[in-house]
A.B. asks: 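Could you have a look at this structure, given as structure tokens, before my questions?
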Amino acid sequence: GAGVSQSPSNKVTEKGKDVELRCDPISGHTALYWYRQRLGQGLEFLIYFQGNSAPDKSGLPSDRFSAERTGESVSTLTIQRTQQEDSAVYLCASSLEGRLPYEQYFGPGTRLTVT
Amino acid sequence: GQSLEQPSEVTAVEGAIVQINCTYQTSGFYGLSWYQQHDGGAPTFLSYNALDGLEETGRFSSFLSRSDSYGYLLLQELQMKDSASYFCAVRDHGSARQLTFGSGTQLTVLP
């Protein structure tokens, strides 16, 4: 594809349910990032994948959050036992790591609403 | 850790020039980026500065002073379509794999 894609675009779920968000990065991009953006706020780093290296999970807010990536392809972000505070837009980005200007290409995001 | 400060809102009129400042604190600076985000849209890359000085790309320019831990984004000949949020972001040696974003500056361009 031409850009980063994410699905679903919108997700409404009940408190306590699990959700899974998907990200398809740009083909050939070795690095993949997940961010959370609450309404009117900046981007909060969640997790980073680079090739086959161990992911940098330092931004995950709790053990209810986890993410996987198979090789240099699709990634899924899973939120278990969702809480209302999880409501936000979840953005995925990919990049060609090691290449200036280290530009990250963002997907359109998944808007998660926990009721 | 890293922290960034930028104004929350800026308003200007069409055709004007506006400067959005960003100050940062990091453990080991690597570079400063700027991203634009329209309402409901994805952030898009504008510029990256690793060295001191001004980088110009069309109507947009970005400046960095490493000694002052300071940068700015300069937008000239403002157009209505420039109304958006602008985020500065730093890469540092402590977390070279990722960017830390500021909270963003909402720019409103008035006719």
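Just so it is clear, the values below take in all heavy atoms, side chains as well, and ignore hydrogens, waters and symmetry mates. Numbered from 1 within each chain, the chains take letters A, B, ... in sequence-line order.
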A.B. asks: Please look at L43(A) and chain B and tell me whether the side chain, the backbone, both or neither of the residue comes under 4.5 angstrom of a heavy atom of that chain.
C.D. replies: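 Answer is both: backbone and side chain atoms of L43(A) are under 4.5 Å from chain B.
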A.B. asks: Report which part of S58(A) has an atom under 4.5 Å of a heavy atom belonging to chain B: side chain, backbone, both, or neither.
C.D. replies: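 For S58(A), the contact with chain B is made by the side chain alone.
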A.B. asks: Against chain B, label Y105(A) side chain, backbone, both or neither, depending on which of its atoms sit under 4.5 Å from a heavy atom there.
C.D. replies: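 Contact with chain B is absent: no heavy atom of Y105(A) under 4.5 Å.
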A.B. asks: For Q37(A), which atoms come within 4.5 Å of any heavy atom of chain B: side chain, backbone, both, or neither?
C.D. replies: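 Q37(A) touches chain B through side-chain heavy atoms alone.
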A.B. asks: Can you establish whether the number of heavy atoms outside Q79(B) located under 6.0 Å from its atom CD is more than 12?
C.D. replies: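 Yes - once you tally the heavy atoms of other residues, nucleotides and ligands closer than 6.0 Å, there are more than 12.
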A.B. asks: Is any NZ, NE, NH1 or NH2 atom of the basic residue among D82(B) and R59(B) found under 4.0 Å from an Asp or Glu carboxylate oxygen of the other?
C.D. replies: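 Yes, charged N to carboxylate O under 4.0 Å.
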A.B. asks: Please work out which of the three classes, parallel, tilted or perpendicular, describes the rings of Y48(A) and Y33(A), given edges at 30° and 60°.
C.D. replies: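 Y33(A) vs Y48(A) ring planes: tilted.
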A.B. asks: Go through P43(B), G102(B), A89(B), S85(B) and name the one with the most non-hydrogen pairs under 4.5 angstrom from chain A.
C.D. replies: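 With the most close heavy-atom pairs to chain A, the winner is P43(B).
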A.B. asks: Is it true that the side chains of T76(A) and E68(A) contain a donor and an acceptor less than 3.5 Å apart?
C.D. replies: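 No donor-acceptor contact under 3.5 Å links the two side chains.
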A.B. asks: Linking Ile, Leu, Val, Met, Phe, Trp and Tyr through side-chain heavy atoms less than 4.5 Å apart, which residues share a cluster with V74(A)?
C.D. replies: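 Reading the cluster by chain and number, V74(A) sits alone, since nothing else belongs.
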A.B. asks: Tell me, side chain or backbone of Q37(B) under 4.5 Å from chain A's heavy atoms, or both, or neither?
C.D. replies: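 The answer is the side chain of Q37(B).
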